[in-house]
Enquirer: 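I am attaching a structure below and will ask some questions about it afterwards.
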Amino acid sequence: MADSFQEFRDILQTGNLPADTSQFSEACQRRLLDALAAVGTPDAPEKGDIAALVCHLLRREDELQGGMPQTIKVPRTSLFPNREIWRQSGINILREGSDYYLISAGSWQPNWLDFSEQYHPDKPVFKEEIRRNYEPVAGDPFLELVDLKKYRSVGQREAIRAVLTAPECATLVINLPTGSGKSLCAQLPALLRSQIGGVSAIVVPTTALAIDQERALKPFVNYATAYYGDESEEGQQRRKEIRDRIRNGTQRIVFTSPESLMKSLAPSLYEAASLERLRYFVIDEAHIVEQWGDEFRPAFQELPGLRRDLLRLTSFTTLLLTATLTESCLDTLETLFGKPGPFQVISAVQLRPEPSYWFGWCESEEIRKERLIEAVYHLPRPLIVYATKRQDVRRWEQDLLRAGFKRCAIMTGDSSPAERSQLIEDLRERRVDIVVATSAFGLGVDQSDVRAVIHACIPETIDRFYQEVGRGGRDGKAAISLTLHTTEDLRIAKYLNENSAITIERGLQRWQSMFLNKTILPDGRFRVPVNLPPSLQLADIDMNSQENQAWNIRTLTLMSRAGLIEIDSERPPLKIKFKSKDAYQKAWKLHRETRFIRILDASHLKVQTWVNKVEPIRQQRQNWSYRNLELMREALRPERCISEILAEAYTIRDRAIPEPRKMVRISPACGGCPVCRKKGESRFSGIMPAPSPVWQNPKFLVGEELKRLLAGDKLMLIFYDSLEETSWKLKSPKFFTWLIQQGINNLVVYDEFQSRAIADLNQRAGAFLFLFEKYQPILMPRIPTLIFHPPGKSLPDNYLSPNRNSEAPLIIVLPLDTRDPSRNDRKLIDIFSGKYFMFNHFCTEVNL
């Protein structure tokens with residue numbers, strides 16, 4: 001690294017920029033070189049950009065050299081900053097010549113942040129401390145399908161096992177922290193179960209994320225998997241080919257937005273379901289389904305109806321992935337996706353240890369502006385500045401431009417999909433250093449090296465705050481969260497919090513308008529329009545049609561949660577069934593502007609019903625919002641550790657009714673907060689909890705031949721004479737393969753014997769095998785299990801008393817001379833009264 005830094009010094013002296021920057025291992029060096037190379041282009045940096053990038057370069061090198069300040073010569077040209085700008089960015093001018101400055105960088109210790117002199121806010125982020133503490137765990141054989149040997153985390157392992165053993169029509173919520181490998185929990189089962197045909201639809205919030213997922217799977221799927229709007233001839237052909245592959249069952253996996261799934265992809269998906277080719281229905285970032293704020297997207301709340309109708313055609317598993325699951329969100333997901341089929345949550349939540357939290361109250365807007373500019377000068381790139389209101393985002397952008405920062409971009413709810421994609425590409429390609437955004441920027445953004453997140457606002461909930469802080473440190477290294485807030489921010493947050501849900505008066509008004517214009521269907525359902533205004537008052541008639549339709553869908557979702565209706569769906573119109581293009585377009589317009597519902601409560605139009613049933617649900621959500629705002633306010637006051645506040649927000653209580661639910665416990669972590677600094681306590685990180693199997697009755701199949709041999713028993717022993725015996729060496733690979741093909745999915749074998757036990761295994765397409773070193777039935781899926789017990793080890797007592805609550809068979813392969821666990825003076829084979837075979841006899845019985 002020292003050589004790389006010296007090379008960088010030489011480049012600044014000569015001005016000869018390299019065409020290829022890949023030899024520079026430090027991202028900050030490549031970023032500065034890219035900025036300098038952009039001089040004379042539309043992406044050219046301003047002096048503030050260069051000052052901050054040089055500061056980043058020097059501070060990073062300081063930390064790499066153990067805290068020893070490093071120096072560098074920079075030219076005194078019009079391109080580079082003047083003395084005042086260097087000073088603003090924390091640069092010390094040690095010596096100057098007629099054509100250069102010799103500079104070093106000082107640590108940032110603002111006097112307006114408590115304990116900054118003692119703890120140095122920027123030190124951990126420039127040092128890039130590794131803070132993520134969960135380790136990879138041993139993998140299962142089918143991981144080779146995506147060229148992996150280990151799971152990224154214990155949470156990922158148990159989630160994938162839960163997905164593969166899910167019962168018919170089940171819904172599984174996967175609640176794992178950022179960086180623990182959520183995406184693979186859907187992708188790997190989808191690929192595994194489509195080896196001989198099948199389709200899985202994965203709904204993602206942004207085009208950028210769809211493209212990212214496609215890029216990640218490119219080595220394993222050699223055709224397009226990201227489906228997004230692109231009206232070029234090539235783009236239209238790409239989408240047509242994806243739709244065709246979905247129809248014939250060869251697409252395997254498709255990443256798309258909820259809007260595309262509800263519109264242009266829906267006919268193809270129905271065709272796949274009709275042919276029983278639909279394997280998984282997945283929603284990534286599933287907490288968006290509950291969001292009702294400024295960035296509300298109605299299509300996310302329409303997905304449950306589509307899913308319900310598709311399940312009438314075929315069985316598939318629904319997966320809901322999130323890293324920020326609250327109790328309120330889980331209640332909503334269970335209401336919308338809980339039926340039909342079982343509904344479970346698998347959770348391994350560890351609070352993120354990467355961010356350190358700093359809060360600075362500002363007496364005025366002018367003081368906040370000064371402090372934000374100061375922070376932007378000193379903090380590493382890339383960084384994000386969050387604001388609540390769109391006009392604030394545009395104002396901050398202008399302030400940063402005037403301060404000399406041109407390499408910045410904005411994103412709000414007004415940004416088009418093309419603008420969002422361009423921003424994310426510019427961020428990835430190091431053309432942008434600073435993003436100023438509302439909460440619209442975050443979901444689907446996986447920029448791993450963001451080191452700083454600044455809030456120039458107070459988020460209306462602790463949940464929004466934590467999600468936005470979560471944009472930093474996604475690579476597991478230290479990040480900084482800086483919140484600069486004013487008294488006015490709290491008023492804005494309170495207003496947004498109180499106006500995030502529809503009132504029952506307004507909701508009933510909207511429902512009456514929709515129901516008055518209903519169409520009664522032959523099967524007892526209703527088709528209701530969602531494009532009507534709630535009343536004929538001028539303000540309602542003039543309401544933006546898209547906004548009005550979104551509020552109508554909110555109303556239907558609220559009614560569904562209250563048990564008044566069930567949101568449904570119906571197959572989109574097929575073009576081949578219409579005689580003209582106009583007739584087809586008219587039918588399609590009707591399909592998009594109406595929704596299908598089933599009435600569950602006959603008194604759905606009565607005010608008292610709304611008071612008794614809808615208002616408690618609305619109030620429950622509002623109470624959660626109030627509580628969440630209070631937790632946000634508490635985070636601004638140094639009274640308890642931030643980990644305690646976040647744990648309260650994300651802990652989910654257990655319950656017995658209406659369906660049993662286990663408590664979701666949170667493993668604490670704090671990368672540094674005001675309370676810990678005040679108490680002199682070190683940062684800490686808990687351990688990711690290992691979740692237990694969630695399915696009481698998992699899906700499994702036992703082959704007919706194995707059923708015949710078991711003859712109704714659940715325990716079978718197979719004795720072998722010696723592992724060195726010729727017949728064992730020849731037949732054991734076929735023996736294990738046969739058992740897997742007959743439905744064995746759990747394999748218990750000591751680590752040193754695993755390679756021998758599964759050598760040359762020929763797993764059939766779609767089969768899976770879970771490996772364990774110990775037989776621990778409570779911690780293993782309740783599916784058919786094989787224990788391979790090697791010679792020289794005593795037999796544990798629990799081997800012969802399998803879990804009687806499970807219908808899955810247990811087969812134990814063990815040495816002929818194994819002793820009776822209860823009496824060492826006799827062999828087990830001499831006293832065992834259950835079903836057993838000698839190895840060679842068994843092989844003869846099944847024609848191996």
Side-chain angles (χ1 to χ4, degrees), residues 59-60 62-69 90 105-134 177-178 349-363 367 371-372 374-375 378-380 383 451-455 458-459 462 465-466 468-470 472-473 475-485 630-651 665-689:
R59 287 290 295 114
R60 174 63 178 147
D62 292 349
E63 297 303 329
L64 286 171
Q65 302 305 323
M68 181 78 66
S107 180
W108 186 49
Q109 301 167 44
N111 58 13
W112 43 269
L113 282 180
D114 291 340
F115 303 103
S116 66
E117 289 188 14
Q118 182 180 350
Y119 287 96
H120 298 196
D122 64 338
K123 183 178 179 64
V125 289
F126 285 119
K127 190 175 182 180
E128 297 188 10
E129 292 178 356
I130 301 295
R131 291 195 166 174
R132 187 173 295 158
N133 66 339
Y134 46 80
T178 298
V349 183
Q350 175 196 34
L351 291 179
R352 299 196 57 198
E354 297 91 349
S356 58
Y357 297 88
W358 297 83
F359 300 94
W361 179 70
C362 305
E363 295 88 338
I367 290 175
R371 292 176 177 177
L372 185 137
E374 178 186 340
H378 286 82
L379 291 175
L383 65 79
R451 302 261 75 84
V453 176
I454 304 174
H455 278 92
I458 297 177
I462 194 76
F465 174 72
Y466 187 60
E468 291 171 357
V469 168
D475 54 4
K477 299 177 182 177
I480 182 172
S481 162
L482 172 63
T483 303
L484 301 173
H485 59 100
E630 283 304 307
L631 292 175
M632 184 69 242
R633 292 173 66 174
E634 189 180 352
L636 304 176
R637 305 189 299 265
E639 294 179 358
R640 60 174 175 155
C641 176
I642 190 76
S643 71
E644 295 179 33
I645 296 171
L646 293 169
E648 184 176 330
Y650 293 108
T651 295
R665 299 184 185 276
I666 307 301
S667 179
C670 178
C673 73
V675 171
C676 291
R677 286 188 283 270
K678 186 176 181 180
K679 293 180 178 179
E681 296 178 352
S682 303
R683 65 177 181 85
F684 64 91
S685 179
I687 302 299
M688 176 183 283

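Computed from a prediction, not measured in an experiment: that's the story for all the values here.
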Enquirer: With sequence neighbours excluded, what pairs up with Y466 under the ring-ring contact (aromatic ring centres under 6.0 Å, His included) test?
Expert: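 Testing Y466 for ring-ring contact (aromatic ring centres under 6.0 Å, His included), a comparison that skips the adjacent residues, returns Y650.
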
Enquirer: Which pair of heavy atoms, one from L482 and one from A375, lies closest together, and at what distance?
Expert: CD2-CB, 3.7 Å

Enquirer: List the residues meeting ring-ring contact (aromatic ring centres under 6.0 Å, His included) with H455, not counting sequence neighbours, and say none if there are none.
Expert: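 Y386, F465.
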
Enquirer: Can you pull the side-chain hydrogen bond (donor to acceptor under 3.5 Å, both in side chains) pairs that have at least one residue in residues 680-689, sequence neighbours excluded?
Expert: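 Output for this query lists N133-S685, Q350-S685.
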
Enquirer: If I compare all heavy atoms of S643 with all of A669, which pair ends up nearest, and what's the gap?
Expert: CB-O, 3.2 Å

Enquirer: Can you list the steps and then say if H120 with K127 is a side chain to side chain contact (heavy atoms under 4.5 Å, CB included)?
Expert: CA-CA 12 Å; H120 298 196; K127 190 175 182 180; over 6 Å; no

Enquirer: Residues two or more places apart in sequence or in another chain: which of them pass side chain to side chain donor-acceptor pair (under 3.5 Å) with Y119?
Expert: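 Scan of Y119 (side chain to side chain donor-acceptor pair (under 3.5 Å), adjacent residues dropped) gives none.
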
Enquirer: Return the set of residues passing salt bridge (charged side-chain N to carboxylate O under 4.0 Å, His left out) with R60 (not counting sequence neighbours), or none when no residue passes.
Expert: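 So R60 forms a salt bridge (charged side-chain N to carboxylate O under 4.0 Å, His left out) with E26, E128.
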
Enquirer: Can you tell me how far apart OG1 (T178) and CZ (R132) are? Round to the nearest 0.5 Å.
Expert: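 Reported value, rounded in 0.5 Å steps: 7.5 Å.
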
Enquirer: Specify the closest pair of heavy atoms between A478 and P124, including all atoms of both residues, with the distance to one decimal.
Expert: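 A478 and P124 have their closest heavy atoms at CB-O, 3.5 Å.
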
Enquirer: What's the shortest heavy-atom distance between D122 and W108, and which atoms?
Expert: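 So the minimum-distance heavy-atom pair works out to OD2-N, 3.1 Å.
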
Enquirer: CZ/F126 to OG/S107 distance, rounded to the nearest 0.5 angstrom?
Expert: 8.5 Å

Enquirer: Rounded to the nearest 0.5 Å, how far apart are CD of E644 and CD of E634?
Expert: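 Answer rounded to 0.5 Å: 8.5 Å.
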
Enquirer: Determine whether Y134 and S667 satisfy the following criterion, side chain to side chain contact (heavy atoms under 4.5 Å, CB included), listing intermediate values before the conclusion.
Expert: CA-CA 12 Å; Y134 46 80; S667 179; over 6 Å; no

Enquirer: Can you confirm whether W361 sits close enough to L636 that some side-chain heavy atom of one is under 4.5 Å from a side-chain heavy atom of the other?
Expert: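 SC-SC contact between W361 and L636 ruled out.
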
Enquirer: Which heavy atom of G473 sits nearest to which heavy atom of A479, and what is that distance?
Expert: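 What the structure gives for the nearest pair is N-CB, 3.6 Å.
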
Enquirer: I need the minimum non-hydrogen distance between G472 and V453, along with the two atoms involved.
Expert: N-CG2, 3.9 Å

Enquirer: Show me the side-chain donor-acceptor pairs of residues 110-118 shorter than 3.5 Å, one per line, residues at least two apart or across chains.
Expert:
residue, atom, partner, partner atom, Å
W112, NE1, E374, OE1, 3.1
S116, OG, P110, O, 2.6
S116, OG, L113, O, 3.2

Enquirer: Would a 4.5 Å heavy-atom cut-off, applied to side chains only, mark R371 and C362 as touching?
Expert: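 A side-chain contact exists here, since the closest heavy-atom pair is under 4.5 Å.
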
Enquirer: To the nearest 0.5 Å, how far apart are CE in M688 and CG in L351?
Expert: 11.0 Å

Enquirer: Whether D475 and R451 form a salt bridge (side-chain N of Lys/Arg under 4.0 Å from carboxylate O of Asp/Glu) is what I want to check.
Expert: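 So R451 pairs with D475 through a salt bridge.
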
Enquirer: Could you tell me whether the side chain of T483 and the main chain of F359 form a donor-acceptor pair under 3.5 Å?
Expert: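 Flag not set: sc T483 to bb F359 has no pair under 3.5 Å.
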
Enquirer: For the CD1 atom of I480 and the CD atom of E354, what is their distance to the nearest 0.5 Å?
Expert: 14.5 Å

Enquirer: Please lay out, stage by stage, how R131 and R352 fare under the test side chain to side chain contact (heavy atoms under 4.5 Å, CB included).
Expert: CA-CA 9 Å; R131 291 195 166 174; R352 299 196 57 198; over 6 Å; no

Enquirer: Walk me through it: do L646 and Y357 pass the test side chain to side chain contact (heavy atoms under 4.5 Å, CB included)?
Expert: CA-CA 12 Å; L646 293 169; Y357 297 88; 3.8 Å; yes

Enquirer: Can you establish whether the number of heavy atoms outside R633 located under 6.0 Å from its atom CZ is more than 12?
Expert: no

Enquirer: Taking C-beta and beyond as the side chain, do R677 and W358 meet within less than 4.5 Å on heavy atoms?
Expert: yes

